[in-house]
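Let me begin by presenting the structure, written as structure tokens, before commenting on it.
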Amino acid sequence: MLTFGIKNTVDKQLFFREPFSQKYTLTIRTDVMAGSLPIQTVTEIRWDLRVLRVEEEETEIEVLTLDNELIETNNPYLRDLARMNQAFARMYSEIRVTVDRSGQVIRVLNEEVIRKKWAATKREMEAIDQQSNAIRGIVQMNDDIFTSPEKIVEAVQHNEFFDLYFNQVYGRRIPGETPPKTKWNQFQQVKVEWGYDLGADTPLPAAGNVHAVSVDVKGYPLTRLDKTWIKKAYGAFQNIDLERLQPRLSELGKYAIEPKTGRLKEAYLLKEEVADPQLVFSKMEYTLTSQT
């Protein structure tokens, strides 16, 4: 009876079932207002995903970042910041790991390659401006990451690929709810506990003639957004009347996944945090497409 229950749960999940290779392009559109500072950007990232080995409890994958470019921005200063971010992103341009069905990183298999890339990046950053407190702080933070394999696993897990590709969809019962997940709000000031509802246009397990299952993702905050939370989240912004803020947080996504292999064909995700529609808001729109 227990075995049947476990099997039935697995049948209701989407995850990697066969090796495959696929190139992807991610377009990120950002529209942020933090008091008097408007920020609009368009960024494009290209990845080459290779699913190398699929076993019952883990899958070995390789993720290569082919390109990471700031396409558009309303603020020239952001181009300088983007170049710095790209330099740090090169540390994780080659990632080889094992993951579980949900995309959680189990082991980093090319840890030494990442360490060498960090050593080169560190020299580059220190050469830019040895007097910059910001750069010294970033260098120290990354030095701390490389003190243990566990911290490297955690850093890789926070790579944008894993956050977007697997999201809350892979390795979860569909339809269903996911376990609560805690993460920073979009302004990186305070943490929020999230819940997610998953639904699909096709019952799982999918029939053999189904080429793609469309999964709807709806995220909502479980944390109470009271006055204390509002002060932590937006208290650093100048000339903002905290009393009149009414935060609204949401995540809406749609994922098209090939059930036979677990290959993601395309995805769309919209993350919104609106405390004031004129003064304090953040909208992040992600569009992921596969390349033939």
Side-chain angles (χ1 to χ4, degrees), residues 13-17 19-28 43-55 57-68 85-86 88-111 113-114 117-118 142 145-146 148-172 178-184 186 188 191-192 194 196 198 215 217 219 251 253-258 261-271 284-290:
Q13 297 175 359
L14 294 165
F15 52 87
F16 292 149
R17 297 176 183 269
F20 66 86
S21 296
Q22 184 69 64
K23 288 185 173 67
Y24 294 95
T25 298
L26 172 67
T27 302
I28 308 171
T43 304
E44 186 176 277
I45 305 174
R46 294 193 303 119
W47 289 306
D48 186 354
L49 168 64
R50 301 170 186 177
V51 178
L52 305 172
R53 174 176 55 86
V54 179
E55 296 183 356
E57 297 299 328
E58 65 179 40
T59 297
E60 182 179 343
I61 67 172
E62 184 177 53
V63 182
L64 306 177
T65 301
L66 306 177
D67 199 10
N68 187 333
N85 289 336
Q86 288 163 2
F88 281 97
R90 284 198 292 271
M91 288 187 295
Y92 305 105
S93 60
E94 299 177 60
I95 297 174
R96 191 161 183 162
V97 297
T98 58
V99 297
D100 64 14
R101 290 192 184 111
S102 69
Q104 190 71 27
V105 176
I106 300 171
R107 290 186 304 279
V108 176
L109 303 178
N110 66 331
E111 185 179 308
V113 170
I114 295 175
K117 285 178 179 287
W118 163 235
N142 282 275
I145 288 173
F146 289 98
S148 72
E150 292 78 17
K151 289 186 177 181
I152 295 178
V153 167
E154 184 178 355
V156 169
Q157 185 71 60
H158 285 111
N159 181 275
E160 202 144 29
F161 173 85
F162 294 91
D163 193 35
L164 182 81
Y165 194 104
F166 297 103
N167 200 354
Q168 301 299 309
V169 178
Y170 278 74
R172 308 293 189 186
T178 69
K181 181 177 182 179
T182 301
K183 52 187 179 180
W184 291 99
Q186 290 202 37
Q188 302 295 305
K191 291 186 176 181
V192 185
W194 286 81
Y196 294 87
L198 305 177
V215 180
V217 185
E251 292 187 17
K254 185 177 287 290
Y255 280 62
I257 300 174
E258 188 176 71
T261 63
R263 179 177 67 94
L264 179 60
K265 301 180 74 172
E266 60 182 14
Y268 174 82
L269 183 63
L270 176 63
K271 298 182 179 182
M284 305 281 289
E285 187 178 35
Y286 302 82
T287 304
L288 184 70
T289 56
S290 56

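Each residue takes its place number in the sequence, starting with 1.
Side chain of S290 to backbone of K265: a donor-acceptor contact under 3.5 angstrom is found. Of the possible donor and acceptor atoms, none in the side chain of S93 sits under 3.5 Å from a partner among the backbone N and O of T65. A donor-acceptor distance shorter than 3.5 angstrom exists from the side chain of Q157 to the backbone of V105, with no hydrogens or angles considered. With hydrogens and angles ignored, the 3.5 Å screen pairs no side-chain donor or acceptor of Q13 with any backbone N or O of R101. Using modelled atom types, one side-chain atom of N110 and one backbone atom of R96 make a donor-acceptor pair closer than 3.5 Å.
Ring planes of Y196 and W194: parallel class, angle under 30° (limits at 30 and 60°).
Heavy atoms from other residues, nucleotides or ligands lying under 6.0 Å from NZ of K191 number 12 at most. Heavy-atom contacts from other residues, nucleotides or ligands closer than 6.0 Å to NZ of K117 number more than 12.
Ring pair F166/F15: centre-to-centre distance not below 6.0 Å. The aromatic ring centres of Y92 and F161 sit 6.0 Å or more apart.
Within the 4.5 Å cutoff, the side chain of E57 has no heavy atoms near those of the I106 side chain. Side-chain contact between V99 and Y170: absent, with no pair of heavy atoms (C-beta onward) separated by less than 4.5 Å. By the 4.5 Å heavy-atom criterion applied to side chains, I114 and V156 are counted as neighbours. Considering only heavy atoms from C-beta on, P19 comes within 4.5 Å of V54 through its side chain. Side-chain atoms of V217 and V169, non-hydrogen and from C-beta on, do get closer than 4.5 Å to each other. Using a 4.5 Å heavy-atom cutoff, the side chains of R172 and P179 are in contact.
Between the OG1 atom of T27 and the CD atom of E44 there is a distance of 5.0 Å, given to the nearest 0.5 Å. Note: T98 OG1 to L52 CG = 11.5 Å, rounded to the nearest 0.5 Å. If you take CD1 on I45 and CG on D67, they are separated by 9.5 Å, rounding to the nearest 0.5 Å. To the nearest 0.5 Å, atoms OG1 (T287) and CG (L26) are separated by 7.5 Å. Taking CG from L49 and CD from E62, the interatomic distance works out to 9.5 Å, rounded to the nearest 0.5 Å. Taken to the nearest 0.5 Å, the CD atom of E160 stands 8.0 Å off from the CG atom of N68.
L14 pairs in a side chain to side chain contact (heavy atoms under 4.5 Å, CB included) with only one of the listed residues (I257, L198, L264), which is I257. Screening Y286, Y165, W47 for a ring-ring contact (aromatic ring centres under 6.0 Å, His included) with Y24, the sole residue that qualifies is Y165.
Taking a cutoff of 4.0 Å between a charged side-chain nitrogen and a carboxylate oxygen, K254 and E266 do not qualify as a salt bridge. Looking at E251 and K183, a side-chain N of the basic residue comes within less than 4.0 Å of a carboxylate O on the acidic one, giving a salt bridge.
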*Decide side chain to side chain contact (heavy atoms under 4.5 Å, CB included) for E94 and L64; before the verdict, give the C-alpha distance in whole Å, the side-chain angles of both, and the deciding distance to 0.1 Å.*
CA-CA 5 Å; E94 299 177 60; L64 306 177; 4.0 Å; yes
